[in-house]
K.L.:
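The following block contains the structure, expressed as C-alpha cells.
Labels below follow one simple rule: chain letters A, B, ... track the order of the sequence lines, proteins then strands, and each chain is numbered from 1.
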Amino acid sequence: MSMEARKVHVGAVGLSQLPKKMKRPREEVGSHQLTAFQPTPSRRQHQNARQQLPIWRQKTYVVETVRRHASVVLVGETGSGKSTQVPQFLLDAGFCAGIVEAQGSTPSPIRARKLIACTQPRRVAAITVAGRVAEEMGCALGQAVGYAVRFDDKTGPRTVIKYMTDGVLLREAMTDPLLTRYAVIILDEAHERSLQTDILFGLIRRAQRERKDLRVVVMSATLDVEVFRRFFETGGRKEEKALIKRHGENGKHEKGMLSREGQASTVGVVRIEGRQYGVEVYYCEEAQEDSIDAACLAVLQIHESEPLPGDILVFLSGQEDIEALAELLSESAGTDTSIGKTGLCMEICPLYSALAPEEQAKAFHPPKGPAKSTRKVILATNIAETSVTINGIRHVVDTGWVKVRRYVPSTGLDSLKVTQIARAQAQQRTGRAGREAPGKCYRLFTESAFERLDAVPQPEIQRVNLTQVVLQLLAMGLDDPQHFDYLSPPSATALARAFETLLALGCIAEGGLSPGGNVDGTRIVIPEKDDRQAVEAQADQKPSGPAKSRPVITPHGRRVASLPLDPVYAHFVLRASELGCIFEALTAVSMLSAENVLYMPSPHGGPDAAEQRNRATTAHRALAAYDGDVPTLVHIYERWVAAKKGNRWCWDHFVNARAMKKADEVREQLLLLVRRLGLDPSQSCGNERQIFLRSLAAGLFLNVARRQPATSPALGKYCYKMLANGREAAIHPSSVLHARNPAPQCVVFTEVLTTSRPYIRGVSIVDPADLQELVPQFFGRA
DNA sequence: GTTAGGGTT
C-alpha cells in the first residue's frame, strides 16, 4: 500500500474548509489496546507471523543477492520486516561460517564462525529488535542472538546475530579496522545518515578491499538507492561500461553482475514493499503565516469532525512552540470541556526530549478521561519522527518546521535554527498516521512548497564539528582523513578546523598547519569555500612543490582517542590528572554528557504549575556553585551521591533522575578506561576548588572568553569575546554566572550556540594568570 | 533572560 494514497487539496486552513473534504476512515484495523494481554506467542505462531511479512516472499532473492554481491542495497519501507528477517535469512543460508584467510605460516584456511552485525542508530531499536528476533528464534538474548549498546552488552560466545548501535561498531573498528569478527555487516536505517553510519560506510568499503569475504547490506527506507549503490561500486565507471557492453543495457541478471534494475553492477539491489496503511495527504492552498495558529485550527477541525479512536500528532519545531500551541488549544477548547458536535474531550500531551520523564509518559499512556470520549493531542518535536513510536495516532498535523543544529567551521560556532524539513522527513511524519489503520496527514504548507523542499536532510557529517571523527580515523591508522572515502564529504574548512584543534590540543604533530589562535585573537584564516567543491578541488589538485608533512597522531592523541569523549573534554580529563583532580574532572565530563540534568515543570502541568516552576527555580539556585556551571554540575553529582543516589533527592531538587543515572554510567565507564591508561581516578582535590578551576583553564583553554564592552548593542553593554575566533557572545541565561555581580572577567565555556544570538554555556570563572602558567604556548607573555 | 534529535571498546 502506498503511504501517500491520495492527495487532496484543502483551502488555507479555515474552519469551514477542512472538514468538508475529509473522509471517514475506510476501515478500522487493529487497535493499540490489543497487544497488552496476549500470551507469549509460540514458535509456530512466530513462524506464521514471519511468513506474513512482505520480505518473506523475497527470502531466496535476498539470500541469492547477498551471495552474488559483496555489497547489497536493500530498500524496504516501514513494516517490511527487514530489520528482524534479513539477519535470520543470512544465518539460515550459512553466511556465518566464514573463512579466516591463511595467515603467516598457517598453510590452509581455517574455518571459523563469524558474526552477522546489524547496526541501528538508536539504543532502543537495537535492544528491542534483538529481543524480538531472540523470541522468533526461540532462544534467550545473549545466546544465538544478542545486542551490544553502550553500558549494556548482551552477547555471548555463541552469539551469531549481533544487533548493535552504529557507535559501538565504530568503537570496535578502532581496535579492529578490518572488522574481522564479522562475516556480514548490515547497516540499518542508512537513510538517516547518522554520523557514525557514514563513517562506517567508508571503513567498510576500505575493509572490503582487504577482505574479499566481507559482505555489506545497506538497508534504507529511501527509494533513492543510487547514492549508496555508486559508493560501493568496486570497479568504477570503466568496469561498469564494459559490463554494459558485454550484457547490453537491459541484460538479464547474469553471473551475478547485473542488478535487478538491469544495470551492470557489482552492487545488488533489492526492493521490498512496506506494510503501512494508506494515509491521505492534505495540503494548504495558501502558505500559512503563523504555523501555530494554523496548527490550532487544524487540530480543532479534526477534533470536531473525526470519530474516535484516532489521536492527533502535531509536529512542531521546539518547546516554545509546543507550549504556545498547548496554551492556544486549551483556551480554545477548554482543558476538560467537551466541544463541537462530537462531544469529545481533548487531552493535550507535550512531548520533547527536555521534558521530565513522567510528563513525557502521558503521551504514551491511554488518556486520563474515558477512552470513548477523550482524544489525545500530542504536540511533539521531531522526537516523534523516528525516536519514539506512539500508538493510536491516525491524524498527523505537520507544520513543516524543524530545528537544525549546524556547525559553522569558519567561526567554530554552532547554530540552532528553525529550518524547513526535507521531503523525506515530511513523508516520515506522514507515515506516523498509518501504523495501525488508514490515516490522514495535514501539511500546513502548499503542495508546491513541498515540491520545492530538499529531497533529504543534510547528512550529519556535514553539520558537525569533526575533531573527534578525525582523531578516531587517525587512531585507526588512516593517515589521511582528508581523503577518506566519505559518502558525502565534509567541507575542506571543517576538516582543516578539526586538524587545527587537534594540533592545538597536542593530539597531532608535524602537520602542514601551524597552531591555531593566540591570546590576541589573531588566527590562521582559512578561506571558506563551498563544501563539496572545495574537497573535490583539493582532491583534483596535482601535487605541486614539496609535499606537506602529514599530521601524525601523538601519544597524547592516542590517549585522548581512547576515551569516548569530545577531544577537548578528554584533554581536560588528562590535564586534570596532571594537576591533581581527575576525580572531579571525570564527574564534570560525565555530567556534561547527560543533558537536561535540571528540569523545569511544564507550565501546563495543572493548577499549581506556576508554583511548581517557582519551587524548581529556587531548588536549582540552591544547587549552584559560585565558580560557575561546571563546578555546579560536579556539586550536583556529589550531593546526589551523598543522598545515596536517591530518586527522592532528585524529585525534591527538580533534578532529572534519568540524566543522573546516565552520568553515573558514563562515569563508571570512564573510571575503567582511565585506569587502563595507568591513571588513578580517585585522585581528588578535595575542598581545594582552585585546583579544579586551574584544570578547567588548562583543559578548556581553546574556549576562553574575556569580558569587554560590546561593539554591537544587540549583546547589551558588555559581552564576552571568545579568544579563539575573536567573536562576541553572551552568557546563556540558564548559566549560574548569568547576570552575576560582579561579572567575571575571564571565563571558559563548554559550548557556544547561536540561537537568537551567540550564547556561551557551561561557563566557569578562570584566572588569566593560570592560563599564562598552564598554557604558556598560547597565553605566555610575549 | 532560554536549549531539535540521536550516540561512544
K.L.:
Counting just side-chain N and O atoms, does Gln669(A) come under 4.0 Å of either OP1 or OP2 of dT9(B)?
P.N.:
yes
K.L.:
Between Thr165(A) and Ser734(A), just flag the one whose closest nucleotide in DNA chain B comes earlier from the 5' side.
P.N.:
Ser734(A)
K.L.:
Tell me whether the side-chain N/O atoms of Thr755(A) come closer than 4.0 Å to OP1 or OP2 in dT2(B).
P.N.:
no
K.L.:
Taking donor-acceptor contacts at under 3.5 Å, does the side chain of Glu460(A) reach the base of dG6(B)?
P.N.:
yes
K.L.:
Can you check side chain to side chain contact (heavy atoms under 4.5 Å, CB included) on Met660(A) and Met591(A), steps first, answer last?
P.N.:
CA-CA 7 Å; Met660(A) 294 304 299; Met591(A) 289 291 282; 3.7 Å; yes
K.L.:
Look at the side-chain N and O atoms of Ser562(A) and state whether any lies under 4.0 Å from the OP1 or OP2 oxygen of dT9(B).
P.N.:
no
K.L.:
When all nucleic acid strands are considered with a 4.0 Å heavy-atom cut-off, which category describes Val149(A): base, sugar-phosphate, or nothing?
P.N.:
sugar-phosphate
K.L.:
Mapping Leu565(A) and Ser756(A) onto DNA chain B by nearest heavy atom, which one lands closer to the 5' end?
P.N.:
Ser756(A)
K.L.:
Tell me if a side-chain donor or acceptor on Lys662(A) pairs with a main-chain N or O of Ser593(A) at a distance below 3.5 Å.
P.N.:
yes
K.L.:
Taking atom types as they are modelled, would you say the side chain of Arg761(A) forms a donor-acceptor pair with the base of dT3(B) within the 3.5 Å cutoff?
P.N.:
yes
K.L.:
Please report the distance, rounded to the nearest Å, between CD in Gln425(A) and P in dG5(B).
P.N.:
13 Å
K.L.:
Testing Leu316(A), Ile390(A), Val314(A), Leu313(A) for side chain to side chain contact (heavy atoms under 4.5 Å, CB included) with Leu351(A), which one passes?
P.N.:
Ile390(A)
K.L.:
At under 4.0 Å, does any side-chain N or O of Arg122(A) touch on OP1 or OP2 of dG5(B)?
P.N.:
no
K.L.:
Mind checking Gln319(A) for me? I need base, sugar-phosphate or nothing, with any heavy atom below 4.0 Å counting as a touch.
P.N.:
sugar-phosphate
K.L.:
Of all the choices, dT9(B), dG1(B), dG6(B), which nucleotide is nearest to the side chain of Val168(A) once you look at every atom?
P.N.:
dT9(B)
K.L.:
Report the residues that fulfil ring-ring contact (aromatic ring centres under 6.0 Å, His included) with Phe228(A), sequence neighbours left out, ordered by chain and then residue number.
P.N.:
Phe201(A)
K.L.:
Measuring from the side chain of His732(A) (C-beta onward, heavy atoms only), which nucleotide among dT2(B), dG5(B), dT9(B) has the closest atom?
P.N.:
dT2(B)
K.L.:
Among dG5(B), dG6(B), dG1(B), which is the nearest nucleotide to the side chain of Gln196(A)?
P.N.:
dG6(B)
K.L.:
Measure the distance from CZ on Arg429(A) to P on dG5(B) and round it to the nearest whole Å.
P.N.:
12 Å
K.L.:
Check DNA chain B against residues 618-625 of chain A and give the residues with a non-hydrogen atom under 4.0 Å, in numerical order.
P.N.:
none
K.L.:
What nucleotide, of dG5(B), dG7(B), dT9(B), holds the atom closest to the side chain of Arg123(A)?
P.N.:
dG7(B)
K.L.:
To the nearest Å, give me how far apart CG (Leu672(A)) and P (dT9(B)) are.
P.N.:
11 Å
K.L.:
OP1 or OP2 of dG6(B) sitting under 4.0 Å from any side-chain N/O of Ser353(A)?
P.N.:
yes
K.L.:
Between the side chains of Thr711(A) and Glu728(A), does any donor sit under 3.5 Å from an acceptor?
P.N.:
yes
K.L.:
Ring of Tyr626(A), cation from Arg740(A) - is the NZ or CZ under 6.0 Å from the centre and inside 45° of the axis?
P.N.:
yes
K.L.:
When we call it a touch if two heavy atoms are under 4.0 Å apart, what does Leu195(A) touch: a base, just sugar-phosphate, or nothing?
P.N.:
nothing
K.L.:
Rounded to the nearest Å, what distance is computed from the CZ atom of residue Arg406(A) to the P atom of nucleotide dG6(B)?
P.N.:
21 Å
K.L.:
Taking atom types as modelled, is there a side-chain donor on Thr389(A) or Arg435(A) under 3.5 Å from an acceptor on the other?
P.N.:
no
K.L.:
Expressed as a whole number of angstroms, how long is the span from Ile731(A):CD1 to dT3(B):P?
P.N.:
16 Å
K.L.:
Would Arg405(A) and Glu751(A) pass as an ion pair if we require N to O under 4.0 Å?
P.N.:
yes
K.L.:
Measure from the side-chain heavy atoms of Pro733(A) and tell me the nearest of dT2(B), dG5(B), dT8(B).
P.N.:
dT2(B)
K.L.:
Rounded to whole Å, how long is the line connecting atom CZ of Arg463(A) with atom P of dG6(B)?
P.N.:
13 Å
K.L.:
Nearest to the Thr381(A) side chain among dG7(B), dG5(B), dT8(B), which nucleotide is it?
P.N.:
dG5(B)
K.L.:
Just how far, in rounded Å, is C1' of dG1(B) from CE of Met600(A)?
P.N.:
12 Å
K.L.:
To the nearest angstrom, how far is Ile461(A) atom CD1 from dG5(B) atom P?
P.N.:
23 Å
K.L.:
Looking across every strand, which nucleic acid part, if any, lies under 4.0 Å from Thr386(A) by heavy atom: base, sugar-phosphate, or nothing?
P.N.:
nothing
K.L.:
Within the structure shown, what part of the strands sits under 4.0 Å from Leu416(A) by heavy-atom distance: base, sugar-phosphate, or nothing?
P.N.:
base
K.L.:
Show me the side-chain donor-acceptor pairs of residues 729-736 of chain A shorter than 3.5 Å, one per line, residues at least two apart or across chains.
P.N.:
| residue | atom | partner | partner atom | Å |
| --- | --- | --- | --- | --- |
| His732(A) | ND1 | Ser734(A) | N | 3.0 |
| His732(A) | ND1 | Ser734(A) | OG | 2.7 |
| Ser735(A) | OG | Asp629(A) | OD1 | 3.3 |
| Ser735(A) | OG | Asp629(A) | OD2 | 2.7 |
| Ser735(A) | OG | Leu737(A) | N | 3.0 |

